[in-house]
J.: 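Provided herewith is a single structure, encoded as structure tokens, for subsequent inquiry.
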Amino acid sequence: ARPLPLVLNTWPFRNATETAWKMLMCGGSALDAVETGCAVCEREQCDGTVGFGGSPDEFGETTLDAMIMDGTTMNVGAVGDLRRIKNAIGVARKVLEHTTHTLLAGESATKFAESMGFVNEDLSTDTSRALHADWLARNCQPNYWRNVIPDASKYCGPYKPPSILKQDGSAYGETGAHYGHD
Amino acid sequence: TIGMIAIHKTGHTAAGTSTNGIKFKIHGRIGDSPIPGAGAYADDTAGAAAATGDGDILMRFLPSYQAVEYMRGGESPTTACQKVISRIQKYFPKFFGAVICANVTGSYGAACNKLPEFTQFRFMVYNSLMEQPVEEKVDCI
């Protein structure tokens, strides 16, 4: 038997796999399967790295990134730094279906999402607020700044470039294996 | 981050990602996930791939585009994924990352960069030979 159709996804996010498969089984397209499968993880906040209430930025805000690609038309919809909209891949699908653009970002992507009927709502939760408060209490460690003053490996910002930039080592700070990852 | 590939029984492919990025990122930072060819890539004539991990590094190497091009050249999904991980390893041996790959016949594979705390990568697969979604894992290279 040919093994198609097929659903494959990173990490053991079983519900996402199941939902995508069911979409294929009831006549949905491959795009529909990817959109509905990933949306499950946005709702379920899969391991805290998908959806609202995770990975607060330095200001404590959760922002979302998502994309969807159609391998038949090579059409793509994507959102980066999406603020205050929960269903990021749903917005990415709208970018694909309703614009000739590929990627919308930030506050403007939020405005686009609202024009498509998505709800503008806070993406923070007690969990993300606690994460952020704990980070502040630990002198904002770790962070993604380098070559700045005050010393980012010891203190919180705001940071400024030193008067004379001294080059340090790698262009990629070793933030630890499991630390910074998408 | 979730990266997903779907291949319809007609052979149509799609791929996508969704993530809330990395903790304590600088306000405005965007990672690899929404970048076509980095977070995910799909092409009915070759296959599809998706990536997860250190987005600030991954996006510089366009891993999912590269994996699809390896499959277009005849590599198996597993080899395509492994070659992409190896390319990045040469420059950033300690990067955290994994890639899933599938070709248009429905074969699939995955690969990851071995770190002391990350020696296996777990992913989900569901195809017509299975009764339910199956969790698989690969040893990192």
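Naming convention: chains lettered A, B, ... in sequence-line order (proteins, then strands); numbering from 1 in each chain.
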J.: According to the interplanar angle, ranging from 0 to 90°, do the rings of B/His12 and B/His8 count as parallel (below 30°), tilted (30 to 60°) or perpendicular (above 60°)?
T.: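 Judged by the thresholds at 30° and 60°, the geometry between B/His12 and B/His8 is tilted.
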
J.: How close do B/Ala15 and B/Tyr41 get, counting heavy atoms only, and between which atoms?
T.: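 Heavy atoms of B/Ala15 and B/Tyr41 come nearest at CB-O, 3.8 Å.
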
J.: Report yes if some heavy atom in the side chain of A/Phe118 is under 4.5 Å from a heavy atom in the side chain of A/Val91; otherwise report no.
T.: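 When only atoms from C-beta onward are counted, A/Val91 and A/Phe118 do touch, with a gap below 4.5 Å.
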
J.: Ignoring hydrogens and geometry beyond distance, is a side-chain donor-acceptor pair present between B/Thr78 and B/Ser76 at under 3.5 Å?
T.: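 No.
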
J.: What parts of residues 56-70 of chain A touch chain B if we use heavy atoms and a cut-off under 4.5 Å?
T.: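 Residues A/Pro56, A/Asp57, A/Glu58, A/Phe59, A/Glu61, A/Thr62, A/Thr63, A/Leu64, A/Asp65, A/Ala66, A/Met67, A/Ile68, A/Met69, A/Asp70 are the ones that qualify, each having a heavy atom under 4.5 Å from chain B.
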
J.: Does this structure show an ion pair linking B/Asp139 with B/Lys114, if we count only N-O contacts that are shorter than 4.0 Å?
T.: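 No, this pair does not count.
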
J.: Show the nearest heavy-atom pair for residues B/Gly106 and A/Leu6, with the distance to one decimal.
T.: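 The pair with the smallest heavy-atom distance is O-CD2, 3.7 Å.
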
J.: Can you tell whether the side chains of B/Arg60 and B/Asp32 come within less than 4.0 Å, N to carboxylate O?
T.: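 No salt bridge links B/Arg60 with B/Asp32.
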
J.: Shorter than 4.5 Å, heavy atoms on both sides: which option in A/Val7, A/Thr73, A/Leu31 has the most such pairs with chain B?
T.: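 Looking at each of A/Val7, A/Thr73, A/Leu31 in turn, A/Val7 comes out on top.
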
J.: Taking the six-membered ring for Trp and the full ring for Phe, Tyr or His, determine whether the centres of A/Tyr144 and B/Phe24 are under 6.0 Å apart.
T.: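 Between B/Phe24 and A/Tyr144, which both carry aromatic rings, the centre distance is not below 6.0 Å.
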
J.: Report the C-alpha separation of B/Phe121 and B/Thr52 in whole Å, then their side-chain angles, then the decisive distance to 0.1 Å, and conclude whether the side chain to side chain contact (heavy atoms under 4.5 Å, CB included) test is met.
T.: CA-CA 11 Å; B/Phe121 172 60; B/Thr52 179; 4.1 Å; yes

J.: Which answer fits A/Cys41, side chain, backbone, both or neither, if we ask what part of it has an atom under 4.5 Å from a heavy atom of chain B?
T.: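 Interface part for A/Cys41: side chain.
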
J.: Would B/Glu75 and B/Lys83 pass as an ion pair if we require N to O under 4.0 Å?
T.: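 Yes, B/Glu75 and B/Lys83 are salt-bridged.
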
J.: Looking only at heavy atoms and a cut-off of under 4.5 Å, which of B/Val125, B/Val99, B/Ile26, B/Thr10 has the most pairs with chain A?
T.: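 Counting heavy-atom pairs under 4.5 Å, the top option is B/Ile26.
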
J.: For chain A, which of B/Ile2, B/Val68, B/Thr13, B/Ile100 has the most heavy-atom pairs under 4.5 Å?
T.: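 Option with the top pair count is B/Ile2.
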
J.: Below 4.5 Å, heavy-atom pairs only: which of B/Ala48, B/Gly16, B/Gly3 has the largest tally toward chain A?
T.: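 If we count pairs closer than 4.5 Å to chain A, B/Gly3 comes out on top.
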
J.: Below 4.5 Å from any heavy atom of chain B, which atoms of A/Leu103 appear? Answer side chain, backbone, both or neither.
T.: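 For A/Leu103, the contact with chain B is made by the side chain alone.
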
J.: Which residues in residues 104-114 of chain A have any heavy atom closer than 4.5 Å to a heavy atom of chain B?
T.: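 Residues in range: A/Ala105.
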
J.: Check the pair B/Val134, B/Tyr126 against side chain to side chain contact (heavy atoms under 4.5 Å, CB included), reporting the backbone distance first and the verdict last.
T.: CA-CA 6 Å; B/Val134 173; B/Tyr126 202 161; over 6 Å; no

J.: Just to be sure I understand the criterion: a residue of residues 77-89 of chain A counts if one of its heavy atoms is under 4.5 Å from a heavy atom of chain B. Which ones qualify?
T.: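 Under the 4.5 Å heavy-atom cut-off, A/Ala78, A/Val79, A/Gly80, A/Asp81, A/Arg83, A/Ala88, A/Ile89 qualify.
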
J.: Can you tell me which of A/Cys140, A/Gly53, A/Gly48 forms the most heavy-atom pairs within a distance under 4.5 Å of chain B?
T.: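 Result: the option with the highest number of such pairs is A/Gly48.
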
J.: Is it the case that one hydrophobic cluster holds both B/Val138 and B/Met4, taking links as side-chain heavy atoms less than 4.5 Å apart, direct or via other members?
T.: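 B/Val138 clusters together with B/Met4.
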
J.: Between B/Ser33 and B/Thr19, is any side-chain donor less than 3.5 angstrom from a side-chain acceptor?
T.: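 There is no such pair (donor and acceptor under 3.5 Å, judged by atom type) between the side chains of B/Ser33 and B/Thr19.
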
J.: Under a 4.5 Å heavy-atom cutoff, which of B/Gly28, B/Ala110, B/Gly31 has the most pairs with chain A?
T.: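 Option with the top pair count is B/Gly28.
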
J.: Going by an N to O cut-off under 4.0 Å, is there a salt bridge joining B/Arg29 and A/Asp182?
T.: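 Here B/Arg29 pairs with A/Asp182 in a salt bridge, since their nearest N and O are under 4.0 Å apart.
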
J.: Residues in salt bridge (Lys or Arg N to Asp or Glu O under 4.0 Å) with A/Lys154, at least two apart?
T.: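 With sequence neighbours excluded, A/Lys154 shows a salt bridge (Lys or Arg N to Asp or Glu O under 4.0 Å) to A/Asp151, given in chain and number order.
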
J.: Side chain from CB out, backbone as N, CA, C, O: work out which of these in A/Leu131 comes under 4.5 Å of a heavy atom of chain B, or both, or neither.
T.: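 The answer is both parts of A/Leu131.
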
J.: In this structure, would B/Met130 and B/Ile5 fall into the same cluster of hydrophobic residues linked by side-chain contacts under 4.5 Å?
T.: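 Looking at the clustering, B/Ile5 is in the same group as B/Met130.
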
J.: I need the residue from A/Leu123, A/Thr102, A/Val34 with the largest number of non-hydrogen atom pairs under 4.5 Å to chain B.
T.: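 Top option by heavy-atom pairs under 4.5 Å: A/Val34.
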
J.: Is A/Lys94 salt-bridged to A/Glu97, going by a charged N under 4.0 Å from an acidic O?
T.: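 Result for this pair is no, no salt bridge flagged.
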
J.: Does any heavy atom of chain A fall under 4.5 Å from the side chain of B/Ala40, the backbone, both, or neither of them?
T.: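 Both the backbone and the side chain of B/Ala40 come within 4.5 Å of chain A.
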
J.: Return yes when atom OH of A/Tyr155 has more than 12 non-hydrogen atoms of other residues, nucleotides or ligands closer than 6.0 Å, and no otherwise.
T.: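 No, OH of A/Tyr155 has 12 or fewer neighbouring heavy atoms, counting only those of other groups under 6.0 Å.
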
J.: Find the one option among A/Ala20, A/Ala33, A/Gly51 whose heavy-atom pairs under 4.5 Å with chain B are most numerous.
T.: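 Looking at each of A/Ala20, A/Ala33, A/Gly51 in turn, A/Gly51 comes out on top.
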
J.: In terms of heavy-atom pairs under 4.5 Å with chain A, which of B/Asn127, B/Ile7, B/Asn20 leads?
T.: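 Most heavy-atom pairs within the cutoff with chain A belong to B/Asn20.
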
J.: Can you say whether B/Ile35 sits under 4.5 Å from chain A via the side chain, the backbone, both, or neither, judging by heavy atoms?
T.: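 Both parts, heavy atoms under 4.5 Å.
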
J.: Look at the side chain of A/Thr17 and the backbone N and O of B/Pro133, then say whether any donor-acceptor pair between them is shorter than 3.5 Å.
T.: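 Answer holds: no.
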
J.: Kindly assign one of parallel, tilted or perpendicular to the pair B/Phe96 and A/Trp11, based on the angle between their ring planes and the thresholds 30° and 60°.
T.: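 Geometry flag for A/Trp11 against B/Phe96: parallel rings.
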
